[in-house]
Amino acid sequence: MNTSPSPTASLEQMTIGRLDHIDLAVVKLPFVAPFGTSVYTWTHKEALLIRIESEGLTAWGECVADPDPYYFYETTGTARHIIKEFLLPLLEPGITLAGLETRFRHVRGHGMAKATVENALINLIAARKGVPLHQLLGRPAKKIMSGISIGLKDTTAELLAAVESAVAKKYHRIKMKVKKGQDIDRVQAVRQRFPDIRLMVDANGDYRLEDAAHLRLFDAFNLMMVEQPLSYNDIYQHSILQKELRTAVCLDESIHGLADAATAIALGACRIINIKQGRVGGLMESMRIARYAADHGIDAWSGGMDETGIGRAVNIHLQTAEGFSLPGDTSETRIYFDEDLVEPGVVLDPQGYIQIPSGPGIGVRVIADRLIKRCIHLERLR
Ligand code: OSB
Ligand code: MG
């Protein structure tokens with residue numbers, strides 16, 4: 001058992017500075033290709049951004065919510081409402097991050113909204129101290145493993161082409177989306193062509209426990225895991241399913257915080273956890289979950305919400321933390337965008353690794369012209 005102090009102990013004592021201006025922006029960026037899942041096909045990334053100006057410094061935060069509630073209950077609209085009406089009024093110069101978390105707990109749920117504010121403030125503290133975010137989290141720099149999430153394709157040929165280019169790029173693992181009727185055959189085709197790649201599937205909750213015998217067919221393909229096979233809301237039925245599968249179950253949608261992770265682990269509902277920092281309420285809760293998982297022999301990795309470069313940079317820094325044992329959903333910028341909001345973009349080195357952006361805070365610069373071009377809503381709150 002790990003007896004070292006909590007991974008967030010020092011972060012929790014850090015304080016928020018003077019807040020001079022707070023802006024919310026909504027941006028809409030076209031994807032290079034539609035991203036299909038069992039729940040929806042997105043053609044654009046629409047994201048809520050927060051910009052905080054403090055003592056001459058600027059920090060950004062990106063909310064991972066979509067404009068729609070198809071993956072998760074929060075939306076850019078609900079996040080804007082919760083941030084404006086309930087979270088920002090709780091900010092006070094001089095309070096600690098622990099104090100902020102305590103105040104935020106009064107608001108039930110809405111972890112994506114909370115993460116937006118918390119992450120921007122942590123980023124601001126890093127900028128104020130002049131250190132990269134990973135260093136503020138208490139973690140040394142390292143090369144980050146890459147992973148790609150390949151959406152549903154109309155044909156097997158298109159899927160194979162996408163996998164082939166990911167293999168050529170040396171991605172450390174490849175995830176393919178599946179849904180009922182577009183699953184076993186597709187996985188079999190990929191496996192036949194690429195017998196040795198680290199492969200996994202993500203169903204986004206498309207199956208029911210009655211499909212257990214069907215899901216057992218995945219066991220033939222040496223998959224790293226099957227992500228969220230059953231309902232977005234469920235932990236218990238996953239615990240029954242996991243006992244019937246050889247393949248590891250990974251939970252995504254069902255995990256909203258450390259308490260859910262502990263429940264899932266206690267029930268044996270999964271052997272792997274996808275930690276999306278936004279979905280669990282921010283960087284600090286993510287670090288707690290990753291540490292807790294590691295202490296209980298459970299692997300964890302950093303999920304993604306096809307964020308712009310702002311959210312991606314946060315995910316990259318986060319993956320230096322203890323417990324992020326597997327490659328996450330962190331792919332090159334070009335997989336989603338011709339032109340992202342930030343520089344530098346994410347690229348893989350020849351071994352498929354990602355370098356942490358250097359410099360204070362998240363280490364990427366928001367390019368003003370691009371932001372203006374993609375902005376569909378802007379409001380100054382302070
Ligand atoms: O289930 O992990 C998911 C994107 C949007 C909503 C849900 C999911 C995803 C991804 C993309 O799989 C991961 C990424 O590249 O950011
Ligand atoms: Mg998922």
Side-chain angles (χ1 to χ4, degrees), residues 29 31-47 62-76 111-112 144-153 159 162-163 166 169 171-179 183 199-207 223-234 238 248-256 260 264 270 272-280 286 300-316 318-319 326-337 340 345-346 348 354:
L29 288 74
F31 282 149
V32 295
F35 183 68
T37 71
S38 67
V39 293
Y40 194 63
T41 298
W42 288 275
T43 58
H44 290 74
K45 177 65 198 180
E46 187 175 316
E62 174 170 350
C63 181
V64 301
D66 285 316
D68 52 77
Y70 304 144
Y71 163 78
F72 198 71
Y73 72 87
E74 293 184 76
T75 67
T76 41
M112 291 178 174
I144 304 301
M145 292 181 285
S146 63
I148 190 170
S149 177
I150 297 177
L152 292 169
K153 303 290 181 195
L159 170 63
V163 174
K169 274 282 179 184
Y171 275 98
H172 294 123
R173 70 100 170 100
I174 293 173
K175 156 166 142 183
M176 53 183 279
K177 293 289 188 181
V178 293
K179 67 173 184 182
D183 47 13
L199 183 66
M200 59 171 288
V201 295
D202 185 0
N204 288 107
D206 205 39
Y207 300 90
L223 301 176
M224 293 173 76
M225 70 197 88
V226 49
E227 184 176 341
Q228 199 72 34
L230 308 180
S231 170
Y232 70 94
N233 234 348
D234 169 78
H238 281 96
V249 169
C250 170
L251 290 179
D252 171 356
E253 282 91 327
S254 303
I255 305 297
H256 301 188
D260 291 333
C270 63
I272 302 176
I273 297 176
N274 168 339
I275 300 174
K276 288 184 182 165
Q277 47 81 14
R279 193 194 64 236
V280 302
S286 297
W301 50 277
S302 163
M305 288 295 289
D306 37 60
E307 297 93 341
T308 77
I310 297 170
R312 288 304 213 202
V314 170
N315 297 346
I316 289 170
L318 173 61
Q319 287 175 73
L326 294 173
D329 273 341
T330 317
S331 53
E332 291 194 313
T333 302
R334 61 172 351 144
I335 297 295
Y336 291 105
F337 307 112
D340 194 359
V346 179
L348 303 195
I354 294 164

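Quick note: numbers below take in every heavy atom, side chains included, and nothing from hydrogens, waters or symmetry partners. All ligand and atom numbering here is 1-based and tracks the order in the structure. FYI, the numbering just counts along the sequence from 1.
- The atom of E227 that is an N, O or S and sits closest to the Mg ion (ligand 2) is OE2.
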**Prompt:** Taking it one step at a time, do E62 and V314 satisfy side chain to side chain contact (heavy atoms under 4.5 Å, CB included)?
**Reply:** CA-CA 9 Å; E62 174 170 350; V314 170; over 6 Å; no
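- The N, O or S atom of D252 with the smallest distance to the Mg ion (ligand 2) is OD2.
- Here the protein heavy atom with the shortest distance to atom 12 (O) of ligand 1 is S149 OG, 2.9 Å.
- Remark: ligand 1 and W42 share no N or O pair separated by less than 3.5 Å (distance only, no angle test).
- When only non-hydrogen protein atoms are considered, atom 1 (O) of ligand 1 lies nearest to N204 ND2, 2.8 Å.
- Nearest protein heavy-atom neighbour of atom 14 (C) of ligand 1: Y336 OH, 3.3 Å.
- Considering V201, N204, V249, L251 as possible partners of Q228, the one that fulfils the side-chain contact (heavy atoms from CB on, under 4.5 Å) test is L251.
- At a threshold of 4.0 Å, the pair K45-D66 counts as salt-bridged, since one of the basic side-chain nitrogens sits closer than that to a carboxylate oxygen.
- The aromatic rings of H256 and Y73 sit tilted, their planes meeting at an angle between 30° and 60°.
- Counting protein heavy atoms only, atom 6 (C) of ligand 1 is closest to M305 SD, 3.6 Å.
- In terms of polar-atom proximity, defined here as any N/O pair under 3.5 Å, D202 does make such a contact with ligand 1.
- Among the backbone and side-chain atoms of E253, none of the N, O or S atoms lies under 2.8 Å from the Mg ion (ligand 2).
- When K276, K45, Q228, E307 are ranked by how near their heavy atoms come to atom 2 (O) of ligand 1, first place goes to K276.
- Ligand-side atoms of ligand 1 in range of E227: 2 (O), range being under 4.0 angstrom from any heavy atom.
- The line from OG of S38 to NZ of K177 is 7.5 Å long, rounded to the nearest 0.5 Å.
- Ring-plane geometry between Y336 and F35 is classed as perpendicular, the angle between the planes exceeding 60 degrees on a 0 to 90 degree scale with a lower cut at 30.
- Counting only heavy atoms of the protein, atom 5 (C) of ligand 1 lies nearest to D306 OD2, 3.5 Å.
- Any N or O atom pair closer than 3.5 Å counts here, and K177 shares at least one such pair with ligand 1.
- The distance criterion of under 3.5 Å between nitrogen or oxygen atoms is met by D252 with respect to ligand 1.
- Rounding to the nearest 0.5 Å gives a distance of 11.5 Å between CD of E332 and CZ of R312.
- For the Mg ion (ligand 2), the nearest N, O or S atom contributed by D202 is named OD2.
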**Prompt:** Going through the distances and angles, do D202 and K175 end up as a salt bridge (charged side-chain N to carboxylate O under 4.0 Å, His left out)?
**Reply:** CA-CA 7 Å; D202 185 0; K175 156 166 142 183; 3.1 Å; yes
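- Atoms of ligand 1 found under 4.0 Å from any heavy atom of K175 (numbered from 1 in listed order, with element): 2 (O), 3 (C), 12 (O).
- By the neighbour-count criterion of 12 heavy atoms within 6.0 Å, atom CZ of F31 is densely surrounded, having more than that number from other residues, nucleotides or ligands.
- For ligand 1, the polar-atom distance check against R312 finds a nitrogen or oxygen pair separated by under 3.5 Å.
- Remark: R173 engages D329 in a salt bridge, criterion side-chain N to carboxylate O under 4.0 Å.
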